[in-house]
Amino acid sequence: MPIWIDDVLSGKKKTLETRDPNQVGMYVCGVTVYDRCHIGHLRSMLSFDALVRYLEYQRYQVRYVRNFTDVDDKIIDRAREIEAGPDGDWRRADRYATFTAGDWTLRDSDDAQIRARADRTDKPLALVVSEYFIEKFQEDFSCFGMRAPDVEPKVSDHMPQIVEYIERIIGRGYAYEAGGDVYFNVAAYDGTTHAYGKLSRRDAAAMIEGARVSPSENKRNGVDFALWKAQKPGEPSWPSPWGPGRPGWHIECSVMSTQYLGTTFDIHGGGKDLIFPHHENEIAQAEAACDAPFCTNWLHNGFVTVDGVKMSKSLGNFLSLHDALELALPEVWRFLVQSVHYQSPIDFSRTRINEAGERVRGSVDVAAERVQYFYQTLARADEALAGRTVNFEAPLLHTQIAGHLQERFCEAMDDNFNTAVALGLCGEAARAINELVSLKAKEIKKIGEESVAHTLHVLTTRLREVAGVLGLFLEEPESFLARFRAHELKKRGLQADWIEQKIAERGAAKAERDFARADAIRLELDALALELRDSPGRTDWDVRV
RNA sequence: GGCGACAUCGCCAAGUGGUAAGGCAGAGGUCUGCAAAACCUCUAUCAUCGGUUCGAAUCCGAUUGUCGCCUCCA
C-alpha cells in the first residue's frame, strides 16, 4: 500500500515516492544550541520519530539525519551575556521580561557551568556554549526513547565543505562577495530556471521589489541572505577565501543534508516556522550549488500553543523540557503529541476551572490519564493470560478490532501519518480487552474459555505491536504504573507508606463492619485525588490525574 | 500592508465528494456494603450566506471570526 503524504512543496497530497523504493533519506532540522530545549522542539522530534518508526515498520531502510546548528548569532549572543556576567545589563532585555525566579535559577546555573568549562579550555566561549547545550539536548531527550539519527552533524565540523559549497554557488553566478561577506543573489537565481519562493509560495519579484537594504549591510538587495559572514570582533571564526568568518544560517543544512543523503533526497522535515526563510533558502542554495532537485518531499509539523497562543521566544510563554518532565512522564508527552495530527497545532494546557466554575481537563492531564488507562488495561490482560496456553484454533471474538487492528492502523498511518486515528484504534482494542477481562466466570463459560483467551492474546499482542510503532506501551505495565504513581505522588508531596497505612486502617474498619469509619477514610483519600478500588481480598489504589 | 492557514458536540480532536472516528465532561445502566475502576446505552449536520454536483463538513465565491508567516523560533 502506498503511503500518502501532504507535501508542502507541491502543495498536494501525493504518494510517497523515494529514489530507491526500499530506502528513505530523511533530514530533519534539529536545534540551534544556544539554550535549553522546550516542548516545541519535543513535538517536532517526536513527530518525526513516529514517522521514522512507521517507515521502518513498513520495511523501508531509513537513513535519518538530524543536525545541530552550533555556530549562530544567538549562540554568540549567549556567549556575550555569559561574558558580561550575571549582573550585566543584558538581564534587563525585553526577552527576559517574562522570566520567573525558577527560569533565572536554571539560567544562572547553566551559565556558571559554561563559564567553568570555558576556564579549562582555549576554545571560544561560543563553542563551549554550543557543546554544553548539545550535551543538555542529549540528556533531556534521552528519556524519550527516540530512534537515534544515523548522523547528527554539526556545523563546526563541516567548515571546509561549507566553504567549498559557497564557492560553487559563487562559481555558478548565484552569490557574490562583498566586504568579506558572501550573499546569495536572489534576483540572479530567480531569473533563471529556478523559482525562489516555491516552497513558501511567495512571489520573488515582489519581494525583490519591496525589500530594502539597510545601510549597514553589503547586500545588493534586501532579500539576499548571507552565506558567509565576515568576522566581527570577539566572534569565533574560520578561514575562508573571503577572509575569516562564519557561515550564515541556512547554508549548513544544504551542505550537510546533501553530504549525507545525496544531492537529491526523499524527505525533509522541520517545524512550520522554518518554511520561510530557512527551508526556502536551503532549497535555493542547494539547487544553485548542485543544479539538481533538492529534497522531493517536505513535511512540517504544527506549533505548540499554550492556552491557544503560539509558544515563542519573544512571548516568553514557552515550557522548557525541564519543566515539562516535572509535569508528566516522557511517555505522556509522547502520547499527547501523537494524539493530534502532526500538522495541526497542539494546545498545551493544565486542568483549570473556567468562568462557569466547571473543571476543564488540561491536555497533559487527559494524556496522562489515557496512558495510565492503556497500561492498566495491559496489566489486567497480562494477569488474565498468565500461565495459560492459547489455543489458536479457537474462534476469535471482536473480529473487527482483533482481526484487523494492524491493517486499520496501517491504513491510518498511510494516510499522511494520522497518529490520532491510529491511537483511536488502540483505544478500541483496549476497550475490547477490558470487556473480556471483566467477564464473569459463567459468561466466559458460555462464550468459550478458549475463545476469550485467544482473543485476549491477539488483542494484547497486536496492540503492543502497533502502539510500539509509535513508541508507546513498550514497558512492563507494572513497572510503568509504579513510576507513574511515584511521579504523581511526588508532585503532590504524598508518601506511598502513609497511603498504605490508611488503607490498612480502612481494611480493619471494614472487617469490623464499621462502614462509617471506612467511608471517612475513603473520603479523606478521595480529597487527595486518590482512588481506592476494593476487590475480593484486597484494596488497590491509584492516583487520579 | 503582503502572503497563508483554520473555523466540526460544553471542552479536546479525526474526517479533502457518498451521507459526522475517538477522548474528556454530562445523563442513564451493569457491578459494588457504599464507592471506584471497567464495560454497556444516550448526546452534533460540521461559523454564516450563496454557488457547483445526483450527492459537500469536504470543491468555488462572499461575509464574519481566530491564528500563523513576512524579525528570533520546532
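In this structure, the side chain to side chain contact (heavy atoms under 4.5 Å, CB included) partners of A/Leu439, at least two apart in sequence or on a different chain, are A/Leu436, A/Glu443, A/Ile444, A/Ile447, A/Val452. Legend: residues meeting side chain to side chain contact (heavy atoms under 4.5 Å, CB included) with A/Asp347, ordered by chain and number and at least two apart, are A/Thr305, A/Ser349. Partners of A/Phe276 under the ring pair (Phe, Tyr, Trp, His ring centres under 6.0 Å) rule, at least two apart in sequence or in another chain, do not exist in this structure. For A/Glu383, the side chain to side chain contact (heavy atoms under 4.5 Å, CB included) partners at least two apart in sequence or on another chain are A/Arg538. Listed by chain and residue number, nothing satisfies the salt bridge (charged side-chain N to carboxylate O under 4.0 Å, His left out) test with A/Arg431 (two or more places apart in sequence, or in another chain). Scored by the side chain to side chain contact (heavy atoms under 4.5 Å, CB included) test, A/Pro330 finds A/Cys143, A/Phe144, A/Leu325 as partners (sequence neighbours excluded).
We find the OG-NE2 distance between A/Ser200 and A/His279 to be 11.5 Å, quoted to the nearest 0.5 Å.
In this structure, A/Glu428 reaches neither bases nor backbone, as no heavy-atom distance under 4.0 Å exists between it and the strands shown. Note on A/Trp249: only backbone sugar-phosphate atoms sit closer than 4.0 angstrom, heavy atoms only; bases stay farther off. Using a 4.0 Å heavy-atom cutoff across all strands shown, A/Val437 reaches no nucleic acid atom at all. Residue contacts for A/Gly271: at a heavy-atom cut-off of 4.0 Å it reaches the sugar-phosphate backbone alone, with no base atom in range.
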**Report entry** Base versus backbone protein contacts along nucleotides 3-13 of chain B [heavy-atom cut-off under 4.0 Å; B, S, -]
**Finding:** S-------S-S
Query - Protein-to-nucleotide contact annotation, 5' to 3' order, nucleotides 37-45 of chain B [B base; S sugar-phosphate only; - none; under 4.0 Å, heavy atom] - result: SSSS-----
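Taking the P atoms as reference points, B/C6 lies 23 Å from B/G10, given to the whole Å. Taking atom P on both B/C73 and B/A44, the two are 47 Å apart, rounded to the nearest angstrom. Rounded to whole Å, the separation between the C1' atoms of B/U71 and B/C12 comes to 32 Å. B/A57 and B/C46 have their P atoms separated by 7 Å, given to the nearest Å. Nucleotides B/C60 and B/G26, compared at atom C1', are 40 Å apart to the nearest Å. Going from the P atom of B/C49 to that of B/C54 covers 23 Å, rounded to whole Å. As rounded to the nearest Å, B/G50 and B/A56 have P atoms that lie 14 Å from one another. As rounded to the nearest Å, B/A14 and B/G22 have P atoms that lie 15 Å from one another.
Between A/Arg107 and A/Asp35, none of the side-chain N atoms (NZ, or NE/NH1/NH2) sits under 4.0 Å from a carboxylate O, so this pair counts as no salt bridge.
One atom, CG of A/Asp73, and another, P of B/C72, lie 9 Å apart when rounded to the nearest Å. If you measure from atom CD of A/Glu411 to atom C1' of B/G15, you get 14 Å, rounded to the nearest angstrom. In this entry the distance linking CZ of A/Phe417 with C1' of B/G15 reads 18 Å, nearest Å. Rounded to an integer number of Å, the gap from CG of A/Asn418 to C1' of B/G15 is 8 Å. Atom CG of A/Leu274 is separated from atom P of B/C72 by 11 Å (rounded to the nearest Å). Between the C1' atom of B/C73 and the CG atom of A/Leu42 lies a distance of 16 Å, rounded to the nearest Å. Remark: P of B/C72 and CH2 of A/Trp90 are 21 Å apart, rounded to the nearest angstrom. Rounded to whole Å, atom C1' of B/A74 lies 14 Å from atom CZ of A/Phe68.
Residue pairs meeting the side chain to side chain donor-acceptor pair (under 3.5 Å) criterion with at least one partner in residues 509-521 of chain A, sequence neighbours excluded, are A/Lys510-A/Asp534. Evaluation of the ring pair (Phe, Tyr, Trp, His ring centres under 6.0 Å) test over residues 337-358 of chain A, restricted to residues two or more places apart or in two chains, returns A/Trp333-A/Phe348.
Counting heavy atoms from C-beta on, the side chains of A/Glu280 and A/Tyr196 come closer than 4.5 Å. Between A/Asp415 and A/Glu411 there is no side-chain heavy-atom pair separated by less than 4.5 Å. Two residues are said to be in side-chain contact when any heavy atoms from C-beta on lie closer than 4.5 Å; A/Leu321 and A/His41 fail this criterion.
Taking a pair as Watson-Crick or G-U wobble with both distances under 3.5 Å, RNA chain B forms stems of 3 or more consecutive pairs at B:1-7 with B:64-70, B:10-12 with B:22-24, B:26-30 with B:38-42, B:47-51 with B:59-63.
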Detail all sub-3.5 Å separations between protein N/O atoms and N/O atoms belonging to nucleotides 31-34 of chain B.
unit_1: B/G33; atom_1: O6; unit_2: A/Arg506; atom_2: NH2; d: 3.2
unit_1: B/G33; atom_1: N1; unit_2: A/Asp519; atom_2: OD1; d: 2.9
unit_1: B/G33; atom_1: N2; unit_2: A/Asp519; atom_2: OD1; d: 3.2
unit_1: B/G33; atom_1: N2; unit_2: A/Asp519; atom_2: OD2; d: 2.6
unit_1: B/C34; atom_1: O2; unit_2: A/Asp519; atom_2: OD1; d: 3.2
unit_1: B/C34; atom_1: N3; unit_2: A/Arg522; atom_2: NH2; d: 2.8
unit_1: B/C34; atom_1: N4; unit_2: A/Arg522; atom_2: NH2; d: 3.2
unit_1: B/C34; atom_1: N4; unit_2: A/Asp534; atom_2: OD2; d: 2.8

Requested in this report: Using the side chain to side chain contact (heavy atoms under 4.5 Å, CB included) rule, take A/Arg78 and A/Lys74 through it: C-alpha gap first, then chi angles, then the decisive distance, then the call.
Outcome: CA-CA 6 Å; A/Arg78 175 80 179 233; A/Lys74 294 186 295 296; over 6 Å; no
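Here the side chain of A/Asp273 is nearest to one of B/A74, B/U16, B/A14, namely B/A74. Closest approach to the A/Arg370 side chain among B/C70, B/C24, B/A74 is made by B/C24 (side chain taken as heavy atoms from C-beta onward).
No side-chain donor from either of A/Tyr27 and A/Glu282 sits under 3.5 Å from a side-chain acceptor of the other.
The distance between the ring centers of A/Phe484 and A/Tyr375 does not fall below 6.0 angstrom.
Taking for each of A/Gly30 and A/Leu532 the nucleotide of RNA chain B with the nearest heavy atom, the 5'-most of the two is the partner of A/Leu532.
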